[in-house]
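Throughout, a chain's letter reflects where its sequence line sits, starting with A, and its residues are numbered from 1. The figures that follow rest on heavy atoms only: side chains count, while hydrogens, waters and symmetry mates do not.
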Amino acid sequence: MQRFTQNVVAVIQAIPKGKVTSYGRVAALAGNPRGARQVSRYLHSLSEKYDLPWHRVVNAAGKISLPKGRGYEQQRALLEDEGVVFSGSRSIDFSVFLWEPVSHPDGQLMVPQP
DNA sequence: CTCGTGACTCCCG
DNA sequence: TCGGGAGCCACGA
């Protein structure tokens, strides 16, 4: 498995309960700002194997990308269980629920070195 | 090796 | 606002 893939897994597992992030951010944190599409694929193929909180990943607009009947409802239910609120009934307010692993002297996310 | 395929994003008109 | 198009890239067939 490639480093990027491992990083994606690590980043997703690091998302705290009650917070969400976007595919693009996960990709960026994993070291590939252009790898958003890969992230979606990993969720699809590795979520069970690595027990990932896949539901905490939404698109850049703060919405669930899954179509209804294809996981939308399940994801939304899981998020609401954690306290995430859908404003307007469809989108998540990033200013409140976005997970920001801001660089911190010690609390930095375990992103590998370039 | 090449090709199709996305639970994405960004940029324009 | 909204939709279309192009960029991107790992992975399985």
Side-chain angles (χ1 to χ4, degrees):
Chain A
M1 186 186 269
Q2 314 241 338
R3 204 179 68 184
F4 175 63
T5 308
Q6 297 183 315
N7 293 343
V8 169
V9 171
V11 169
I12 294 174
Q13 292 180 325
I15 302 173
K17 184 179 177 184
K19 293 288 183 178
V20 300
T21 192
S22 70
Y23 299 90
R25 293 186 82 103
V26 169
L29 288 171
N32 186 342
R34 310 291 183 175
R37 305 193 70 156
Q38 283 65 276
V39 174
S40 73
R41 175 166 330 180
Y42 299 145
L43 290 182
H44 185 271
S45 59
L46 309 175
S47 59
E48 285 195 13
K49 181 176 298 185
Y50 292 88
D51 201 35
L52 304 177
W54 60 272
H55 55 282
R56 300 191 188 131
V57 184
V58 297
N59 64 30
K63 297 180 182 174
I64 291 174
S65 293
L66 294 163
K68 291 180 181 174
R70 287 297 210 175
Y72 174 91
E73 279 126 24
Q74 185 188 6
Q75 179 169 15
R76 176 162 176 163
L78 286 167
L79 289 173
E80 294 186 319
D81 268 353
E82 300 185 345
V84 176
V85 176
F86 286 71
S87 17
S89 79
R90 321 203 141 193
S91 61
I92 296 169
D93 186 349
F94 272 163
S95 69
V96 177
F97 301 105
L98 177 64
W99 171 53
E100 301 185 65
V102 193
S103 30
H104 219 285
D106 56 309
Q108 176 61 297
L109 179 65
M110 43 190 173
V111 209
Q113 51 268 243

Could you tell me whether A:Ser22 contacts a base, only the sugar-phosphate backbone, or nothing, with contacts defined as non-hydrogen atoms closer than 4.0 Å? sugar-phosphate

Rounded to whole angstroms, how far apart are CG on A:Asn59 and C1' on B:dG6? 14 Å

So, A:Ser65 versus A:Asn59: side-chain donor-acceptor pair below 3.5 Å or not? yes

CZ of A:Arg90 versus P of B:dA7: gap in Å, rounded? 19 Å

Expressed as a whole number of angstroms, how long is the span from A:Arg41:CZ to C:dC8:C1'? 11 Å

At less than 4.0 Å, is any side-chain N or O atom of A:Ser40 found next to OP1 or OP2 of B:dC8? Yes or no. no

Consider the side chain of A:Asn32, meaning its heavy atoms from C-beta on, and name the nucleotide among C:dC11, C:dC9, B:dA7 that approaches it most closely. C:dC9

Could you point out which residue of A:Leu46, A:Leu43, A:Ile12, A:Ile15 forms a side-chain contact (heavy atoms from CB on, under 4.5 Å) with A:Trp54? A:Leu43

So, applying side-chain contact (heavy atoms from CB on, under 4.5 Å) with A:Trp99, which one of A:Val20, A:Val11, A:Val26 is it? A:Val11

Here the distance between atom C1' of B:dT9 and atom CZ of A:Arg34, to the nearest Å, is 9 Å

In whole angstroms, the gap separating C1' of B:dC8 from NZ of A:Lys63 amounts to 14 Å

NA contact type, A:Arg37, heavy-atom cut-off 4.0 Å: base, sugar-phosphate, or nothing? base

Please report, rounded to the nearest Å, how far the P atom of B:dA7 is from the CD1 atom of A:Ile92. 18 Å

Name the nucleic acid region contacted by A:Gly24, choosing base, sugar-phosphate or nothing; use a 4.0 angstrom heavy-atom cut-off, strictly under. sugar-phosphate

Between A:Ala61 and A:Gln38, whichever has its closest DNA chain B nucleotide further toward 5' is A:Gln38

Flag the pair A:Asn7 / A:Leu29 as yes when at least one side-chain heavy-atom distance between them is below 4.5 Å, and no otherwise. no

Least distance between heavy atoms, A:Val84 atom then A:Phe97 atom: CA-CE2, 3.8 Å

Which of the following nucleotides, C:dA10, B:dA7, B:dC8, is nearest to the side chain of A:His44? B:dA7

So which nucleotide from B:dC8, B:dG6, C:dC11 ends up closest to the side chain of A:Thr5? C:dC11

Quickly work out the A:Tyr23 OH to C:dA10 C1' distance and round it to whole Å. 17 Å

CG of A:Leu43 versus C1' of C:dA10: gap in Å, rounded? 14 Å

